[in-house]
Enquirer: 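This is the structure I have questions about; it appears just below.
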Amino acid sequence: NTVDIVEMTPGLNYTVPNAEGSQINFFLRGVGLNDFEDVNENPVGAYFDEVYRGAMGGLDLQMFDMERVEVLRGPQGTLYGRNTTGGLIHFVSKKPTDEFGGYGEVSGGSYDQIKFEGAVNGPITDQLLGRLSIATNNDSGYTKNRFPGVGDYNETNSTAARGQLLWKPTDKVEILTKLHWSRNHGRVGAWQHQTSVATEGGDNRRNVSSSEDLFGAGAGNDAFGYNDTDGDPHAGEFNRNGKVKVKADGVTNKITWNLSDNLTLVNIAAYDHTGRLQAEDTDAG
């Protein structure tokens with residue numbers, strides 16, 4: 001996914017303030033923004049095929065059928081404008097070619113994980129080329145939920161698709177149109193609970209014993225009536241579904257016109273939409 005690049009790039013880090021599916025805050029050489037609000041924009045910009053993606057809540061995406069990923073250390077305002085003080089990350093997907101072909105990859109893992117990635121590419125007519133790419137990633141979650149009727153937490157449930165058409169009406173003009181769609185509907189945000197209370201000095205905390213009822217919610221319980229008794233950080237009783245639904249879609253149209261050997265005119269028009277909803281039940285819109 002989009003954050004895997006940090007494992008191969010010196011000086012690049014990221015934080016997830018809430019849980020998987022929430023905002024992705026990139027830090028490049030120490031410059032970044034650590035905030036859980038949807039409305040903020042990071043000083044490390046994110047670009048997808050030359051189009052700026054401003055919503056941090058829409059950056060946790062699958063990477064599939066990629067050509068390359070560029071990490072440019074900042075400031076990069078001269079070429080990329082604002083919100084690139086720390087630099088930027090540019091994700092570049094593979095484009096249609098005149099050679100027919102395709103590929104498909106399926107893998108499995110722990111917690112019933114099934115992951116698929118595939119693409120088909122080739123000419124449609126003498127002047128029109130196309131490429132269709134699809135990816136899915138699903139697993140059952142690694143945090144066991146003992147509460148009846150609610151599934152396990154920290155699961156992956158994501159699907160993405162990308163369709164591209166490259167039209168070459170003349171030797172000097174290329175028009176590339178791309179449609180992209182992705183969704184991530186994981187059940188996330190389950191943490192180990194430990195009931196604690198501030199000491200009299202107020203500068204420290206102590207754990208509440210199983211016989212104490214300090215909040216009037218039951219012996220050993222926190223103020224919300226919850227008590228995690230097994231001590232297992234990968235299990236608990238969570239009575240909410242905890243779905244985080246992230247959907248991103250859009251369209252991009254790039255026109256490249258070679259006016260001469262030394263002059264090329266490029267126009268990029270794009271529309272992107274990102275929606276994020278933290279829903280208490282799986283039927284929420």
Side-chain angles (χ1 to χ4, degrees), residues 1-7 13-26 34-38 55-66 104-118 133-161 180-196 220-222 224-249 274-285:
N1 57 30
T2 47
V3 300
D4 290 336
I5 187 64
V6 303
E7 300 179 7
N13 298 285
Y14 79 99
T15 64
V16 184
N18 294 323
E20 183 181 353
S22 69
Q23 292 83 347
I24 299 297
N25 300 329
F26 286 108
N34 192 9
D35 202 318
F36 57 84
E37 293 290 340
D38 289 322
M56 294 190 298
L59 298 182
D60 188 8
L61 303 173
Q62 294 186 89
M63 291 290 96
F64 60 101
D65 200 28
M66 301 298 297
E105 299 176 354
V106 180
S107 61
S110 302
Y111 306 102
D112 306 316
Q113 184 189 38
I114 297 294
K115 188 175 182 180
F116 170 78
E117 174 183 332
S133 313
I134 299 174
T136 64
N137 188 9
N138 296 273
D139 62 59
S140 59
Y142 58 83
T143 300
K144 180 67 177 178
N145 189 6
R146 298 187 299 269
F147 193 87
V150 183
D152 294 337
Y153 267 64
N154 295 321
E155 66 175 0
T156 304
N157 182 3
S158 57
T159 306
H180 69 87
W181 175 89
S182 66
R183 71 168 180 85
N184 182 358
H185 287 186
R187 182 179 287 109
V188 299
W191 296 277
Q192 178 71 6
H193 287 254
Q194 176 62 59
T195 304
S196 60
N221 294 346
D222 62 17
F224 301 97
Y226 183 78
N227 187 4
D228 195 337
T229 58
D230 62 2
D232 184 356
H234 297 111
E237 293 181 84
F238 310 101
N239 64 353
R240 63 185 183 90
N241 283 302
K243 282 285 187 179
V244 175
K245 299 185 177 184
V246 181
K247 182 179 179 180
D249 51 61
T274 300
R276 180 175 177 269
L277 174 66
Q278 187 165 349
E280 287 295 329
D281 60 80
T282 55
D283 295 328

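All heavy atoms count here, side chains included; hydrogens, waters and symmetry mates do not. Owing to the predicted nature of the structure, the values given are computational and were not obtained by experimental measurement.
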Enquirer: What residues, two or more places apart in sequence or in another chain, satisfy side-chain contact (heavy atoms from CB on, under 4.5 Å) together with N157?
Expert: N138, R183, H185, K243

Enquirer: Under the 3.5 angstrom rule, does the side chain of N154 hit a backbone N or O of G141 as a donor-acceptor pair?
Expert: no

Enquirer: Is a side-chain N or O of E117 found less than 3.5 angstrom from the main chain of A135, in a donor-acceptor match?
Expert: no

Enquirer: Nearest 0.5 angstrom please: I24 CD1 to T15 OG1, how far?
Expert: 8.0 Å

Enquirer: For residues 105-112, which side-chain donor-acceptor pairs fall under 3.5 Å, sequence neighbours excluded?
Expert:
from	atom 1	to	atom 2	distance (Å)
D112	OD2	S140	OG	3.2

Enquirer: Any side-chain heavy-atom pair from E155 and T143 closer than 4.5 angstrom?
Expert: no

Enquirer: Who are the side chain to side chain donor-acceptor pair (under 3.5 Å) partners of S182, not counting sequence neighbours?
Expert: none

Enquirer: N137 and Q113: side-chain donor and acceptor closer than 3.5 Å?
Expert: yes

Enquirer: So which heavy atom on F238 is nearest to which on Y153, and how close?
Expert: CB-CE1, 3.7 Å

Enquirer: Say you draw a straight line from CE of M63 to CG of D4; how long is it, rounded to the nearest 0.5 Å?
Expert: 9.5 Å

Enquirer: According to side-chain contact (heavy atoms from CB on, under 4.5 Å), who are the partners of N221, at least two apart in sequence or on a separate chain?
Expert: A217, N227

Enquirer: Mind checking what makes salt bridge (Lys or Arg N to Asp or Glu O under 4.0 Å) contact with D65, not counting sequence neighbours?
Expert: R131

Enquirer: Rounded to the nearest 0.5 Å, what's the gap from NZ on K115 to OG on S158? Could you check?
Expert: 8.5 Å

Enquirer: Please work out whether the ring planes of H234 and Y142 are parallel, tilted or perpendicular, with thresholds of 30° and 60°.
Expert: perpendicular

Enquirer: Would you please name every residue forming a side chain to side chain donor-acceptor pair (under 3.5 Å) with D139, sequence neighbours left out?
Expert: T156

Enquirer: What's the verdict on side-chain contact (heavy atoms from CB on, under 4.5 Å) for V6 and N13, showing C-alpha distance, side-chain angles and the deciding distance?
Expert: CA-CA 6 Å; V6 303; N13 298 285; 5.7 Å; no

Enquirer: Check ring pair (Phe, Tyr, Trp, His ring centres under 6.0 Å) between F26 and all other residues, then give those that pass, not counting sequence neighbours.
Expert: none

Enquirer: Going by ring pair (Phe, Tyr, Trp, His ring centres under 6.0 Å), name the residues that satisfy it together with F64, two or more places apart in sequence or in a different chain.
Expert: none

Enquirer: What distance separates D152 CG from R146 CZ, expressed to the nearest 0.5 Å?
Expert: 11.0 Å

Enquirer: First locate atom OG1 of T274, then atom CG of L59, and finally report the distance between them rounded to the nearest 0.5 Å.
Expert: 8.0 Å

Enquirer: Please list, chain by chain and in numerical order, all residues satisfying side-chain contact (heavy atoms from CB on, under 4.5 Å) with T195, sequence neighbours excluded.
Expert: V208, F215, D222

Enquirer: Return the set of residues passing side-chain contact (heavy atoms from CB on, under 4.5 Å) with D249 (not counting sequence neighbours), or none when no residue passes.
Expert: W181, K247, H273

